[in-house]
Amino acid sequence: MSELNNDTLLRSLLREPVDYTPVWMMRQAGRYLPEYRETRAQAGSFMDLCRNPELACEVTIQPLERFPLDAAILFSDILTIPDAMGLGLYFAEGEGPHFEHPVRSEADVERVHVPDPEDELGYVMDAVRVIRRELAGRVPLIGFSGSPWTLATYMIEGGTTKHFALSKAMMFDRPDLMHALLGKVADAVTQYLNAQIAAGAQVAMVFDTWGGVLTPGDYREFSLRYLERIVEGLTREADGRRVPVVLFSKGAGQWLDRMAETGCDALGVDWTTDLSDARRLVQDKVALQGNLDPCTLYASPARIEREVGRVLASYGAGNGHVFNLGHGIHPDTNPDHAAAMVEAVHTLSRPYHATA
């Protein structure tokens, strides 16, 4: 493995001194880039792209060729784990992901197995290895997974949902069954992320996209406890360096203090919580990542620069901030506007890291 030429992200996630605030974007490899659309067309389908390590590497690195980002994130999908569990993932045009075999009964939960990451998800590990080789130490590589709660909602609903009716019905009527499913998924996520780290991922991130749809008590019981279980089971050192762990629960800003107690190194923050409030909640125990509203990138470059300045000022001086969007970049975003954001972060953040 090559030495890192730019380790600013890793140092920020560990709250170590840096010269500027590092920046990357959730979904930075994706449909807003014309070169991504060309590669996806070449692959044939989204999942064919995910399953081709060379093409997955190509789209992972594409945004780095456009923008001076401080990290690459593995191109994959959070639903690879349920797919490997035998649920039959497919994507309908304009409708998002679907599963042929949703999990809705005790027999369904018993049928679900924890997949071998190097066997049933080997294409992901191959992609990690190819990406690390091609990055050649340029920037760190982030590996990721969905959270147990978020993955379970897709597995139970059979796809996307607005109301989480089937998932919450199981949670309320059969909490034992929901816990059995979440336990299997947590084991799968832990093994999956550890395999990514072994293959070369230098940061592990867990996306709890739907944690915010739960009540505080249900969040602690059905999401947070499994996030903590994953953190406890993760490999925390590789290549002679600590592997930072980042947790992101969308819509869960009010629970950041509890999340900071899981043993993670950093927390993602969406745009509905000011970073100043988030920093007070976590008391600088962990780094914070975020949190520009993705829709800001529809605005003019001048307004984008002002909003970047506002986010930086909200976090304030000191270490432990990784700039990001509060969620994924929208597919119809102008790439030039993303470039304006990255430039503004690198320029405007330096005074916050100046030493006396």
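Index from 1, following the sequence. This one's a predicted model, so the numbers in the text were calculated from it and none came from an experiment.
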- Note on the structure: In short, salt bridge (Lys or Arg N to Asp or Glu O under 4.0 Å) pairs touching residues 210-228 with sequence neighbours left out are none
- Task: Taking the side chain as every heavy atom from C-beta outward, state whether His353 and Pro17 have any atom pair closer than 4.5 Å.
- Result: no
- Task: Check side-chain contact (heavy atoms from CB on, under 4.5 Å) between Glu118 and all other residues, then give those that pass, not counting sequence neighbours.
- Result: Asp116, Met125, Arg129
- Between Asp265 and Arg242, is the closest basic N to carboxylate O distance under 4.0 Å? yes
- Query: Got a sec, which residues hit salt bridge (charged side-chain N to carboxylate O under 4.0 Å, His left out) with Arg40, two or more places apart in sequence or on another chain?
  - Reply: none
- Note on the structure: So ring pair (Phe, Tyr, Trp, His ring centres under 6.0 Å) across residues 49-82, not counting sequence neighbours, yields Tyr36-Phe75, Phe46-Phe75
- Item | Qualifying ring pair (Phe, Tyr, Trp, His ring centres under 6.0 Å) pairs with a residue from residues 102-144, counting only residues at least two apart or across chains | Phe144-Phe207
- Task: Using the salt bridge (Lys or Arg N to Asp or Glu O under 4.0 Å) rule, collect all pairs that involve residues 151-167, keeping only residues at least two apart or in two chains.
- Result: none
- Lys/Arg N to Asp/Glu carboxylate O, Asp7 vs Arg11, below 4.0 Å: yes
- Item | Passing candidate, side-chain contact (heavy atoms from CB on, under 4.5 Å) with Leu13, options Val243, Val203, Asn319 | Val203
- Item | Cationic N near anionic O, under 4.0 Å, Asp239 to Arg241 | no
- Item | Residue pairs fulfilling ring pair (Phe, Tyr, Trp, His ring centres under 6.0 Å) with at least one residue in residues 253-274, sequence neighbours excluded | Tyr219-Trp255
- Item | Any pair counted as side-chain hydrogen bond (donor to acceptor under 3.5 Å, both in side chains), so long as it reaches residues 180-190, sequence neighbours left out | Asp187-Arg229
- Qualifying side-chain hydrogen bond (donor to acceptor under 3.5 Å, both in side chains) pairs, either residue in residues 81-92, two or more places apart: Arg51-Asp83
- Message: So that I can tick it off, tell me whether Asp19 and Arg350 are bridged by a salt bridge, with the cut-off set at under 4.0 angstrom between side-chain N and carboxylate O.
- Response: no
- Those residues at least two apart in sequence (or on a different chain) that pass salt bridge (charged side-chain N to carboxylate O under 4.0 Å, His left out) with Arg138 are Glu65
- Query: What pairs with Asn194 under side chain to side chain donor-acceptor pair (under 3.5 Å), at least two apart in sequence or on another chain?
  - Reply: Thr235
- All side chain to side chain donor-acceptor pair (under 3.5 Å) counterparts of Asp48, not counting sequence neighbours: Ser45
